[in-house]
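All heavy atoms count here, side chains included; hydrogens, waters and symmetry mates do not.
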Amino acid sequence: MFPLPCVVISALGLFAGLGSTDLPRPWPTVGSLLGFGLYAGIGIVYAHWASVRRKPTGQEVGVYLALTAVLLLVFGISRIAAFFLLGVPAHGLLSQGAVAGAVTAVTYVAIMPLTRRVMKAIIQQDDKSG
């Protein structure tokens, strides 16, 4: 579940999608489409490669929603911190969005071991009860 190469590629997609928010037009659209497409695409490809196909439970969906909320919170807080603590400009290649996107991508990679453990526990609990 969640092999490291897939996690790293997903993190790069997150960085591209979130980090492109402060670029001049049309780059935010291009970056978001490519980045979030890569993020979602790697998940779809991994699910296709999985040897077992199972429908996610409500708890699993809850974990994914919580992960999304945490990542958005990290993005918002790190964007504000980039402005107030580092004085990073609001627009351009090295902007608040780029710094916050990098922090969010690193956070995603860092919390995946915890996510793996939680998902494994949910799946094992579901297998025992089912």
Side-chain angles (χ1 to χ4, degrees):
M1 175 181 322
F2 309 118
L4 185 61
C6 291
V7 171
V8 171
I9 293 170
S10 294
L12 289 173
L14 278 175
F15 172 69
L18 295 171
S20 65
T21 57
D22 294 333
L23 296 175
R25 288 185 189 178
W27 296 113
T29 304
V30 172
S32 294
L33 289 174
L34 291 175
F36 295 128
L38 180 62
Y39 178 75
I42 198 70
I44 292 167
V45 168
Y46 177 70
H48 180 71
W49 285 342
S51 58
V52 176
R53 304 222 199 289
R54 28 182 317 278
K55 188 175 180 179
T57 65
Q59 287 179 322
E60 292 173 72
V61 172
V63 169
Y64 290 126
L65 291 174
L67 176 65
T68 301
V70 166
L71 292 175
L72 288 174
L73 185 65
V74 166
F75 179 74
I77 290 171
S78 58
R79 187 178 174 106
I80 293 167
F83 174 72
F84 283 112
L85 299 177
L86 303 175
V88 177
H91 299 289
L93 191 57
L94 180 58
S95 64
Q96 299 162 13
V99 171
V103 170
T104 304
V106 169
T107 302
Y108 176 75
V109 172
I111 64 175
M112 285 315 292
L114 174 63
T115 306
R116 281 189 194 104
R117 284 195 294 269
V118 169
M119 294 299 286
K120 184 178 179 181
I122 290 171
I123 291 169
Q124 287 176 346
Q125 176 187 15
D126 189 45
D127 288 345
K128 288 179 185 177
S129 66

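- Rounding to the nearest 0.5 angstrom, the gap separating the CG atom in Leu34 from the OG1 atom in Thr29 is 10.5 Å.
- The same ILVMFWY cluster, assembled from side-chain heavy atoms under 4.5 Å apart, contains both Ile111 and Val63.
- The shortest heavy-atom contact between Ser78 and Thr104 is OG-OG1, 4.3 Å.
- The main-chain N or O of Ala121 is never found under 3.5 Å from a side-chain atom of Gln124 such that the two would form a donor-acceptor pair.
- The 12-atom threshold is not exceeded at CZ of Phe83, counting heavy atoms of other residues, nucleotides or ligands nearer than 6.0 Å.
- Panel note: side chain Gln96, backbone Val88; a donor-acceptor pair is recorded below 3.5 Å.
- Cluster annotation: Tyr39 and Val7 are assigned to the same hydrophobic cluster (Ile/Leu/Val/Met/Phe/Trp/Tyr, side-chain heavy-atom contacts under 4.5 Å, transitive).
- Here the closest non-hydrogen pair linking Val99 and Ala82 is CG1-CB, 3.8 Å.
- Counting heavy atoms from C-beta outward, Arg117 and Leu114 have side chains that approach closer than 4.5 Å.
- In this structure, the separation between CG on Leu14 and CZ on Phe36 is 6.5 Å, given to the nearest 0.5 Å.
- Contact annotation: the side chain of Gln125 never approaches that of Thr57 to less than 4.5 Å [non-hydrogen atoms, C-beta and beyond].
- Residues Met112 and Val109 fall within the same hydrophobic cluster, defined by Ile, Leu, Val, Met, Phe, Trp and Tyr side chains chained together at heavy-atom separations under 4.5 Å.
- Summarising the geometry of Ser10 relative to Ile42, their closest heavy-atom pair is OG-CG2, 2.6 Å, with the distance given to 0.1 Å.
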Quick one: side chains of residues 67-77, donor-acceptor pairs under 3.5 Å with protein atoms, not counting sequence neighbours, listed by atom name and distance.
residue : atom : partner : partner atom : Å
Thr68   : OG1  : Tyr64   : O            : 2.9

(request) Determine, step by step, whether Ile123 and Glu60 satisfy the side-chain contact (heavy atoms from CB on, under 4.5 Å) criterion, reporting the C-alpha distance in whole Å, the side-chain angles of both residues, the deciding distance to 0.1 Å, and the verdict. (result) CA-CA 8 Å; Ile123 291 169; Glu60 292 173 72; 4.3 Å; yes
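- At distances below 3.5 Å, at least one donor-acceptor pair connects side-chain atoms of Thr21 with backbone N or O atoms of Leu18.
- Here the closest heavy-atom approach between residue Ser32 and residue Ser20 is recorded as N-OG, 3.6 Å.
- Between Thr115 atom OG1 and Tyr108 atom OH the span is 8.0 Å, to the nearest 0.5 Å.
- Taking each heavy atom of Arg79 and Asp22 in turn, the nearest pair found is NH2-OD1, 2.7 Å.
- One finds the CD1 atom of Ile122 at 5.5 Å from the CE atom of Met119 (value rounded to the nearest 0.5 Å).
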